[in-house]
Amino acid sequence: MTKQPERPNRPVLSLHVPEPSARPGDEVDFSHVAIPPAGSVPRPDPHAPAAETHPLATTLVRVLDDAGRAVGPWDPKLDADTLRRMLRDMMLVRVYDDRMYRAQRQGKTSFYMKSTGEEAVAVAAAHALDRDDMCFPTYRQQGLLVARDYPLVEMMCQIYSNRRDKLKGRQLPVMYSDRAHGFFSISGNLATQVPQAVGWAMASAIKGDSRIAAAWIGDGSTAEGDFHAACTFAGVYRAPAVINVVNNQWAISSFSGIAGGELTTFAARAVGYGIAGLRVDGNDALAVYAATRWAADRARANHGPTLIEMFTYRVEGHSTSDDPSVYRPKEAGAKWPLGDPVERLRLHLVALGEWDEARHEQLAAEIADEVRTAQREAEKHGTLVSSTIDFPQDVRTMFDDVYAELPWHLREQQAQMVAELEAKRK
Amino acid sequence: MTKQPERPNRPVLSLHVPEPSARPGDEVDFSHVAIPPAGSVPRPDPHAPAAETHPLATTLVRVLDDAGRAVGPWDPKLDADTLRRMLRDMMLVRVYDDRMYRAQRQGKTSFYMKSTGEEAVAVAAAHALDRDDMCFPTYRQQGLLVARDYPLVEMMCQIYSNRRDKLKGRQLPVMYSDRAHGFFSISGNLATQVPQAVGWAMASAIKGDSRIAAAWIGDGSTAEGDFHAACTFAGVYRAPAVINVVNNQWAISSFSGIAGGELTTFAARAVGYGIAGLRVDGNDALAVYAATRWAADRARANHGPTLIEMFTYRVEGHSTSDDPSVYRPKEAGAKWPLGDPVERLRLHLVALGEWDEARHEQLAAEIADEVRTAQREAEKHGTLVSSTIDFPQDVRTMFDDVYAELPWHLREQQAQMVAELEAKRK
Amino acid sequence: MSVMNMIQALNSAHDVMMARDDNVVVLGEDVGYFGGVFRVTEGLQKKYGRARTFDAPISEGGIVAAAIGMAAYGLRPVAEIQFADYIYPGFDQIVSEAGRMRYRTAGEWYLPMVIRTPYGGGIFGGQTHSQSPEALFAHVAGLKTVIPSNPYDAKGLLIAAIEDDDPVLFFEPKRIYNGPFDGFFDRPVTPWAKHPKAEVPDDYYTVPLGKAAVVREGADLTVLAYGTMVHVALATAEANGIDAEVIDLRTIVPVDIETIEQSVRKTGRCVVVHEATRTGGFGAELAALVQERCFYHLEAPVQRATGFDTPYPHSLEWAYFPGPIRLGTAMQKALED
Amino acid sequence: MSVMNMIQALNSAHDVMMARDDNVVVLGEDVGYFGGVFRVTEGLQKKYGRARTFDAPISEGGIVAAAIGMAAYGLRPVAEIQFADYIYPGFDQIVSEAGRMRYRTAGEWYLPMVIRTPYGGGIFGGQTHSQSPEALFAHVAGLKTVIPSNPYDAKGLLIAAIEDDDPVLFFEPKRIYNGPFDGFFDRPVTPWAKHPKAEVPDDYYTVPLGKAAVVREGADLTVLAYGTMVHVALATAEANGIDAEVIDLRTIVPVDIETIEQSVRKTGRCVVVHEATRTGGFGAELAALVQERCFYHLEAPVQRATGFDTPYPHSLEWAYFPGPIRLGTAMQKALED
Ligand SMILES: Cc1ncc(C[n+]2csc(CCOP(=O)(O)OP(=O)(O)O)c2C)c(N)n1
Ligand SMILES: Cc1ncc(C[n+]2csc(CCOP(=O)(O)OP(=O)(O)O)c2C)c(N)n1
Ligand SMILES: [Mg+2]
Ligand SMILES: [Mg+2]
């Protein structure tokens with residue numbers, strides 16, 4: 001390295017590397033989190049110019065107050081049946097997550113990822129969207145599938161990569177795909193789905209369709225170039241798309257400051273692109289619902305995309321491969337000041353007089369039963385361990401779907417593999 | 001394609017594709033360009049929080065008024081010698097561009113790109129930066145080299161890919177590189193230099209150096225993921241970097257709306273990243289100087305990056321391969337309301353009583369002479385045409401610098417090529 | 001029938017398909033009003049409207065991703081990457097997404113999309129307007145890679161690619177857009193008008209993907225070529241009076257192995273030629289395949305005539321380019337050994 | 001001397017170099033406080049400070065670009081890409097920039113930087129935690145590509161890579177981070193502790209780039225391997241009682257052609273093996289080279305045992321993985337033909 005020139009008059013530079021407010025051993029510290037009171041944030045008209053939303057990009061749309069009341073202009077005024085259904089969906093996601101997590105720990109599959117604490121982000125959005133709007137999720141929106149009544153057994157068979165897995169065991173667990181439920185194939189490559197969602201939305205606009213696209217991306221993943229492409233294309237062509245940044249404040253071991261979260265909010269990215277932007281309490285199912293509906297209405301009216309930051313907290317580890325106690329205080333999840341989305345919605349229903357302890361327990365029991373039954377059914381079709389040993393999937397399917405038709409080289413390789421398996425059986 | 005579902009209650013979507021205000025045959029129309037009066041924009045302290053700059057991201061920092069007076073808080077109050085030097089540099093760039101453009105038309109090289117109308121963006125910035133700050137330019141900042149006294153002959157030899165070309169004929173004309181003049185190698189791949197500049201700036205901070213990095217990128221190129229990476233990394237690590245978006249309103253045939261310019265300014269991207277942002281009249285050398293100096297001071301004080309939009313106009317075609325009259329009115333360049341940067345600075349010097357017609361003509365003559373002399377000297381070392389025929393560069397150098405040392409396969413290929421050339425000579 | 005150069009033939013392919021199928025849309029940098037820097041999409045926006053042919057932001061990743069989303073919706077997007085040298089920002093979307101969508105969804109989603117891009121050298125384009133990155137895509141399962149060498153094939157292959165239900169990389173040898181180039185850079189170039197393959201039907205027709213063409217029959221030696229190199233191979237055979245069989249692969253994945261094997265079995269000697277850098281180029285795959293499958297017919301090692309393993313140099317282009325001398329030497333070697 | 005697994009050996013290489021040269025800095029996703037998802041960078045931030053080992057935003061393009069800028073400044077950055085499957089967003093910066101900087105500036109700027117990344121299958125990682133993209137980099141002039149197969153080499157090669165003045169892609173076979181894996185997935189795995197190459201000096205040493213190692217001498221057949229496949233090759237030779245010479249290439253670009261030629265001239269037969277998909281894999285280049293240079297010594301075609309040309313499947317991993325049966329078949333074929 002060439003020696004640095006002498007510059008005695010110049011100050012010395014230093015590198016700033018962001019650090020979270022607490023590391024293992026420290027007191028949990030959420031004092032930097034500004035939380036405006038529920039109901040305090042105005043609601044612009046969905047047809048308003050994007051700039052009118054920009055003040056909302058640095059505050060927090062909240063509907064449910066601490067007493068469980070829905071307050072302010074963003075209250076979506078949902079009927080009790082919808083609220084109960086959303087509660088049920090969120091509870092089910094949580095139970096499902098627990099069971100599948102345990103299945104991985106029992107060696108029945110290779111991998112699992114929970115969405116604990118983030119259930120409202122997916123479930124409430126699914127209820128706010130039309131059933132045939134297309135969702136481009138990440139790996140933490142299993143709630144979309146649940147809310148759209150995708151069979152639990154199907155989900156589990158994917159987790160187990162078993163004989164009934166419609167993805168033929170090809171995908172890592174949690175990488176669901178279901179076209180009929182408007183749930184786009186999850187990619188292991190972060191952020192790729194967001195500009196794809198914009199392309200899908202552009203196609204819908206090109207064809208004079210009325211369906212819109214919704215995408216989800218994690219706070220950490222917003223750093224990828226694909227996120228920028230998505231926002232740029234969505235803005236330029238006024239694509240009918242809702243881009244949700246799920247800011248759960250962690251990306252594996254890296255806190256959101258490493259993605260730029262120290263400097264401003266993720267919703268503020270919308271200001272930079274000149275598109276509509278909202279920042280929403282992601283643990284408030286009503287706020288998530290209302291913001292999603294607002295953005296969907298806006299998109300349907302050809303006013304283009306909305307970027308929504310869903311502010312939440314990743315309560316558990318990143319995945320079954322992760323131990324968060326290595327890099328943050330153990331109690332962090334429990335102390336998140338915006339609470340638990342399931343509990344907050346339950347409280348709301350109770351406050352409305354539409355729910356009580358007994359019904360809650362009954363629902364919990366029903367859900368536990370439903371999940372248990374589904375699991376038993378799914379396991380009949382095998383789990384990853386057994387798959388590995390006896391290849392219950394017809395292994396020849398390994399060569400299908402690379403192309404619409406099998407070209408000569410794959411045909412040869414298929415024959416080679418079949419011969420290998422025969423050799424192995426001997 | 002599956003048939004679209006019936007959705008009678010839903011509005012029909014349509015795709016918005018941005019169009020410029022005028023196409024060939026139309027009246028030139030710049031009525032959409034908002035131009036605040038010179039001197040009307042406040043100047044925050046360079047140590048202020050980034051947010052204080054954000055109102056400046058959607059207006060226009062201007063110093064020179066229509067009468068050529070420097071007005072308002074951004075007046076850098078430069079001495080007359082510096083002003084005259086900047087005028088000379090800009091005039092020289094323009095003459096150089098004309099000569100090299102003509103050389104390409106005469107078949108002496110393969111390609112050329114002019115910076116007409118954008119001379120201030122490079123020249124004034126070079127004067128505002130320290131001499132040993134590192135510049136990461138695009139292909140339209142030849143003004144940096146001129147302002148830093150890089151020999152014209154060297155520049156021309158690169159254009160000609162001739163025997164004296166220090167880049168050994170390897171690079172397309174205009175892709176200069178000179179470490180000693182703090183001018184980083186220009187890449188043909190758009191936007192790549194911007195996150196590299198940020199990396200360089202981070203390194204400077206890591207080493208406790210005091211030098212900063214400055215990068216330039218076109219409006220069109222801001223759509224690349226690399227631009228997003230640059231802004232993200234620069235913000236996260238508070239890198240001492242100045243990121244200049246040269247918004248000349250065109251990217252080959254695409255107007256800036258295709259890059260998102262219809263929705264907001266390019267400076268507004270800074271708001272999205274939570275970093276400092278300024279929008280500057282790029283045809284006003286004093287405004288360019290003042291904003292660059294402000295950002296440099298900020299960076300040196302460890303307050304991190306500034307994104308500066310240099311608002312200007314690409315007066316001529318994209319390159320020698322382009323004919324802009326195919327996609328925009330012929331007179332567009334001449335009618336740009338913010339004028340000609342050379343003429344504006346000249347007027348300012350005249351207004352100050354530091355310049356007059358006679359001196360201007362003398363300077364013009366000197367410059368013409370200097371460029372002509374340099375060209376004659378450069379052509380002694382060959383031009384691309386002659387290079388092509390007799391390979392005056394030692395062709396064996398083709399294999400140098402792929403790696404620090406020549407590996408066996410390149411040694412073999414080198415021998416193969418030498419044999420081929422011998423065969424050809426026969 | 002009209003006489004067309006490659007640009008016109010490609011333009012006609014777009015036109016024919018956009019008229020037949022309103023799911024065909026075109027996007028890319030400068031492809032709209034302007035009609036593309038090589039004018040391949042000229043007139044399409046005017047004829048089919050801005051919603052079907054439009055300029056894209058300078059984001060190759062975004063262009064490919066948007067095309068993927070559109071194809072997932074059910075359109076048949078044709079995306080232009082302005083130069084193949086600029087395809088890399090879109091590499092992740094092509095490799096990780098386009099190439100794997102059908103597989104990872106077990107056929108539930110598939111992507112009928114074409115990525116067109118001018119490639120190759122010979123135009124003094126320097127490092128970033130001359131590259132031949134086809135091998136990088138040939139290594140990726142799930143992608144097809146097509147490279148035409150004349151106007152007739154260009155149109156027919158592009159229509160086949162647009163109709164194909166899998167993602168197709170369509171590399172256009174820009175050196176021969178306006179006329180066949182035989183590598184003799186110091187001789188005048190003939191325009192396409194004089195070439196039989198410039199006779200192009202005005203209407204719909206296809207040239208099937210995965211099928212090579214024997215463009216010159218010969219007994220002594222097989223030359224495997226594609227793109228501009230097809231013309232260099234023909235000229236080199238003529239110039240050296242070699243009775244070479246020249247095969248224009250047209251599609252490199254899936255490659256037409258039957259035609260290759262048949263020819264090499266007959267001639268017993270083989271040369272592969274491409275502009276791309278040698279190490280790990282598609283010529284390596286071809287040489288590997290030929291020796292695997294025709295070993296006992298081979299009388300000499302398979303030779304490779306390729307670009308050198310350096311970045312593409314600007315002024316030394318004619319020393320770099322695999323022209324008639326390099327290919328001729330390889331052919332001689334294959335014959336003598 | 002200590003007994004180390006590959007993770008520890010790699011960690012030690014970082015430690016040694018950071019202590020020796022304060023221009024060495026480490027960046028990547030989760031490499032800082034946490035020490036990396038495979039813990040290769042554990043403890044470095046604590047020891048050398050946040051300015052020398054730090055977490056990066058999830059932007060592989062940004063990570064590579066920042067490393068390029070740092071290397072241009074004069075540092076020696078070591079960038080971790082969390083999985084090789086995620087390297088593609090950085091592909092443009094690697095290929096168009098890192099690989100060409102020295103050349104395009106005629107040596108004025110060069111980039112002493114290392115891009116480390118875990119690659120390969122065998123861990124039930126599915127499509128996006130199992131890929132072997134080395135061939136994509138081997139095709140790009142200006143890059144070196146290194147792949148260790150044991151702790152001793154891992155440390156020595158990484159130190160050599162950090163000291164090298166050119167950009168080095170350093171692929172780490174994650175399947176053997178904790179112990180050598182011979183492809184017999186249904187047998188218990190031995191830890192590195194029992195392997196002689198787990199004896200690793202605590203201090204500085206290098207294993208030179210561009211030099212292969214003959215890890216097993218043999219007379220009947222040459223196997224060219226790297227990474228995990230070295231162990232599969234050794235086990236397959238044993239299991240089949242074949243007197244194979246096994247060569248661990250260690251660096252694939254520039255490849256050690258002398259060692260390869262010497263061995264193939266001796267044995268007259270050659271098999272190449274890699275995990276990557278077959279078409280256009282580095283095995284194609286090896287096969288092409290061997291037949292070009294040893295044609296008259298070859299008694300049979302060079303065989304390739306590779307991953308299949310499909311995306312990497314999750315549950316069918318052991319049918320996909322090129323294990324002892326696939327390699328054994330290829331070896332038999334090379335011997336019988
Ligand atoms: C392109 C790419 N880079 C890296 C990874 C590895 N990786 C998987 S998840 C993850 C963190 C993502 O964080 P965030 O986007 O915040 O989502 P969250 O897990 O918090 O839901 C990383 C780095 C990847 N999957 N893809
Ligand atoms: C990655 C990449 N994509 C495309 C191109 C082709 N290209 C060269 S210049 C240009 C337009 C750039 O416009 P802008 O960034 O506004 O800069 P300007 O030419 O106006 O100075 C394009 C598309 C390229 N060089 N690199
Ligand atoms: Mg997160
Ligand atoms: Mg521009």
Side-chain angles (χ1 to χ4, degrees), chain A residues 1 4-5 7 9-18 50-51 54 130 132 201-212 222-229 231-233 235-240 257-260 262-265 268-275 277 299-302 304, chain B residues 1 4-5 7 9-18 50-51 54 130 132 201-212 222-229 231-233 235-240 257-260 262-265 268-275 277 299-302 304:
Chain A
M1 217 196 114
Q4 293 153 34
R7 297 161 49 103
N9 300 326
R10 288 307 193 185
V12 166
L13 295 166
S14 66
L15 192 76
H16 171 76
V17 178
H54 291 168
D130 278 2
D132 51 5
M202 288 169 67
S204 188
I206 289 168
K207 298 301 284 184
D209 191 352
S210 61
R211 292 174 295 162
I212 67 169
T222 58
E224 289 287 4
D226 275 340
F227 174 72
H228 179 56
C231 294
T232 302
F233 279 63
V236 167
Y237 304 110
R238 290 188 205 149
I258 296 295
E262 266 187 357
L263 298 153
T264 186
T265 67
R269 299 283 190 278
V271 183
Y273 296 105
I275 62 177
R300 284 190 221 289
N302 278 313
Chain B
M1 217 198 115
Q4 293 154 35
R7 297 163 48 106
N9 298 326
R10 289 307 192 186
V12 167
L13 294 167
S14 66
L15 191 77
H16 171 74
V17 179
H54 291 168
D130 278 3
D132 52 3
M202 289 168 66
S204 188
I206 289 168
K207 297 302 283 184
D209 191 352
S210 61
R211 292 175 295 162
I212 68 169
T222 60
E224 290 287 3
D226 275 339
F227 175 71
H228 179 56
C231 294
T232 301
F233 280 62
V236 167
Y237 303 109
R238 290 191 203 145
I258 297 294
E262 264 187 359
L263 299 152
T264 187
T265 67
R269 298 281 189 279
V271 184
Y273 296 105
I275 61 178
R300 285 190 221 289
N302 277 311

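Excluded from the calculations below are hydrogen atoms, water molecules and symmetry mates; all remaining heavy atoms, backbone and side chain alike, are included. Per chain, numbering begins at 1; letters A, B, ... match sequence-line order. The shown structure was predicted, so the numbers you read here are calculated from the model rather than taken from an experiment.
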Worksheet, complete the sentence: Smallest heavy-atom separation, A/Ala201 atom then A/Pro240 atom, equals CB-O, 3.3 Å

Practice prompt. Name the region of B/Ala299, side chain, backbone, both or neither, that has any atom closer than 4.5 Å to a heavy atom of chain A.
Written response: backbone

Worksheet item: How far apart are the closest heavy atoms of B/Arg238 and B/Asn302, and which atoms are they?
Response: CD-O, 4.0 Å

Response to the item:
Of B/Arg269, B/His54, B/Glu224, the largest count of non-hydrogen pairs under 4.5 angstrom with chain A goes to B/Arg269

Worksheet item: Counting heavy-atom pairs under 4.5 Å to chain A, which of B/Val12, B/Val236, B/Ile258, B/Val271 comes out on top?
Response: B/Val236

Practice prompt. Identify the heavy atoms of A/Gly257 and A/Pro18 that sit nearest to each other, and give their distance.
Written response: O-CG, 3.7 Å

Worksheet item: Given the options B/Ser14, B/Ala270, B/Ala259, which has more heavy-atom pairs under 4.5 Å with chain A than any of the others?
Response: B/Ser14

Worksheet item: Do A/Arg211 and A/Asp209 sit within salt-bridge range, that is, some charged N less than 4.0 Å from a carboxylate O?
Response: yes

Worksheet item: What part of B/Phe233 gets closer than 4.5 Å to chain A, counting heavy atoms only: side chain, backbone, both or neither?
Response: neither

Worksheet item: Counting heavy-atom pairs under 4.5 Å to chain A, which of B/Ala301, B/Gly304, B/Ala268 comes out on top?
Response: B/Ala268

Worksheet item: Quick one: of B/Leu263, B/Thr264, B/Asp226, who has the most non-hydrogen atom pairs under 4.5 Å with chain A?
Response: B/Leu263

Discussion item. Between A/Gly277, A/Gly260, A/Ala223, who has the most heavy-atom pairs with chain B when the cutoff is under 4.5 Å?
Written reply: A/Ala223

Discussion item. Please check this pair: side chain of B/His228 against backbone of A/Thr222, looking for a donor-acceptor N/O pair closer than 3.5 Å.
Written reply: yes

Worksheet entry | Minimal non-hydrogen separation, B/Leu13 against A/Ser204, with atom names | CD1-OG, 3.6 Å

